[in-house]
Amino acid sequence: LSRGLGDVYKRQTLLLVSLQSLANASIQQEQDCLSCHQAEFNDWQHSDHAKAMALPNDNTVQGNFDNAKIEHYSQKALFYKQDKQFRIDFTEKNETTTYTVAYTFGHYPLQQYLIQTRKGRYQVFPFAWNNRVKSSGGQRWYPIYANEDIKPNDRLHWQQPLQNWNGMCADSVSYTHLTLPTKRIV
């Protein structure tokens, strides 16, 4: 029996709402939900929403972390792997800071990377990976503000509040991917 597209959307919406409540659920509570909603979970696993945010690993990180370098105006970045972690040496104002990718964000056409800059504070890194095919301009690092040199005092700078994941993005369903014990980051 084939299901209509409307049924799939209803089931995915139900699952997204359910995922919000699963964010702080125990493993047993999660299994209780999945025992009745396995079809919704399976549909969701193949959706863009399922790939929206993930812990970084060789299966989820699409960017070139093979000592790739990019320079954009006054910013420089070196992307590499060390001890199974995805690292970025970021140079700005002649100071280099090493960051570890905390989460991937998105998957196509751009994948962004969230950096924990302070405990509980996640910032969107100023370069994204363009995941399109090379002949379409992809397979390269892409500056979020391609035609501007965003300085640290600019409100669009990646460490300013406008680029803060907690304040700008976490109120969507994406926060469900943060599995912190007993509380949600805000």
Side-chain angles (χ1 to χ4, degrees), residues 16-30 33 48-70 72-107 110-129 131 141-145 148-186:
L16 289 173
V17 170
S18 298
L19 285 173
Q20 289 180 341
S21 62
L22 285 177
N24 294 318
S26 71
I27 289 179
Q28 181 58 48
Q29 290 169 317
E30 187 175 319
C33 293
D48 285 340
H49 286 99
K51 299 173 188 170
M53 188 173 179
L55 292 170
N57 62 51
D58 289 334
N59 295 318
T60 59
V61 172
Q62 297 173 354
N64 179 356
F65 278 80
D66 189 22
N67 293 315
K69 295 179 183 180
I70 184 171
H72 180 68
Y73 293 104
S74 63
Q75 300 174 333
K76 297 177 186 176
L78 170 66
F79 300 86
Y80 60 100
K81 279 183 69 176
Q82 181 180 44
D83 301 324
K84 297 183 180 182
Q85 293 186 319
F86 295 85
R87 304 276 175 108
I88 305 167
D89 288 350
F90 185 70
T91 303
E92 185 172 49
K93 296 188 329 185
N94 294 320
E95 290 183 33
T96 300
T97 305
T98 300
Y99 297 101
T100 301
V101 174
Y103 292 93
T104 64
F105 203 68
H107 70 103
L110 298 177
Q111 184 176 63
Q112 293 181 277
Y113 298 93
L114 297 181
I115 307 297
Q116 185 172 5
T117 55
R118 289 186 291 218
K119 185 174 181 169
R121 181 177 173 169
Y122 295 89
Q123 297 294 128
V124 178
F125 196 70
F127 296 98
W129 179 252
N131 202 34
W141 289 103
Y142 179 85
I144 301 299
Y145 294 101
E148 299 178 62
D149 187 15
I150 306 296
K151 302 287 186 182
N153 61 342
D154 190 313
R155 58 187 293 207
L156 296 177
H157 188 268
W158 78 282
Q159 292 211 21
Q160 293 292 338
L162 284 177
Q163 301 299 319
N164 178 256
W165 179 84
N166 307 72
M168 299 302 290
C169 308
D171 58 349
S172 72
V173 296
S174 60
Y175 77 82
T176 61
H177 291 274
L178 280 178
T179 53
L180 299 176
T182 68
K183 65 180 179 180
R184 178 178 138 203
I185 293 178
V186 181

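Values below: all heavy atoms of this structure, side chains included; hydrogens, waters and symmetry mates excluded. A quick note: this is a predicted structure, and the numbers were derived from the prediction, not measured.
Counting non-hydrogen atoms of other residues, nucleotides and ligands closer than 6.0 Å to CG of Asn67 gives a total above 12. Environment of NZ in Lys76: sparse, with no more than 12 heavy atoms of neighbouring residues, nucleotides or ligands closer than 6.0 Å.
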Let me see the working for Thr98 and Arg87 under side chain to side chain donor-acceptor pair (under 3.5 Å), right down to the final yes or no.
CA-CA 7 Å; Thr98 300; Arg87 304 276 175 108; over 6 Å; no
Kindly indicate, with the supporting measurements, whether the criterion side chain to side chain donor-acceptor pair (under 3.5 Å) is fulfilled by Asp89 and Tyr80.
CA-CA 8 Å; Asp89 288 350; Tyr80 60 100; 2.8 Å; yes
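With Thr60 contributing its side chain and Leu55 its backbone, the two residues share a donor-acceptor pair below 3.5 Å. Panel note: side chain Asp83, backbone Gln85; no donor-acceptor pair is recorded below 3.5 Å. Judged by distance alone, the side chain of Trp141 and the main-chain N or O of Phe127 form no donor-acceptor pair under 3.5 Å. Listed for the Gln160 side chain is a donor-acceptor partner under 3.5 Å among the backbone atoms of Pro152. Remark: side-chain polar atoms of His72 are paired, donor with acceptor, to backbone N or O of Tyr145 under 3.5 angstrom.
Side-chain contact between Phe79 and Asn64 is absent, with no heavy atoms from C-beta onward closer than 4.5 Å. Looking at Met53 and Leu114, their side chains come closer than 4.5 Å, going by heavy atoms from C-beta outward. Side-chain atoms of Asn131 and Gln111, non-hydrogen and from C-beta on, never get closer than 4.5 Å to each other.
Shown are Lys151, Gln163, Glu92; of these, the side chain to side chain donor-acceptor pair (under 3.5 Å) with His157 is made only by Glu92. Tyr113 pairs in a ring pair (Phe, Tyr, Trp, His ring centres under 6.0 Å) with only one of the listed residues (Trp158, Phe65, Phe90, Tyr103), which is Phe65.
In plain terms, the two heavy atoms of Gln62 and Trp129 that are nearest each other are O-NE1, 3.2 Å. Between Pro56 and Ala102, the shortest heavy-atom contact is CD-O, 3.1 Å.
Distance CG/Asp149 to CD/Gln75: 6.5 Å, rounded to 0.5 Å. The structure places OG1 of Thr96 at 13.0 Å from CD1 of Ile88, a figure rounded to the nearest 0.5 Å. One finds the CD atom of Gln82 at 8.5 Å from the OG1 atom of Thr100 (value rounded to the nearest 0.5 Å). With rounding to the nearest 0.5 angstrom, the CG atom of Leu78 is 8.5 Å from the OG1 atom of Thr91.
A salt bridge does not link Asp58 with Lys84: none of the charged nitrogens is closer than 4.0 Å to a carboxylate oxygen.
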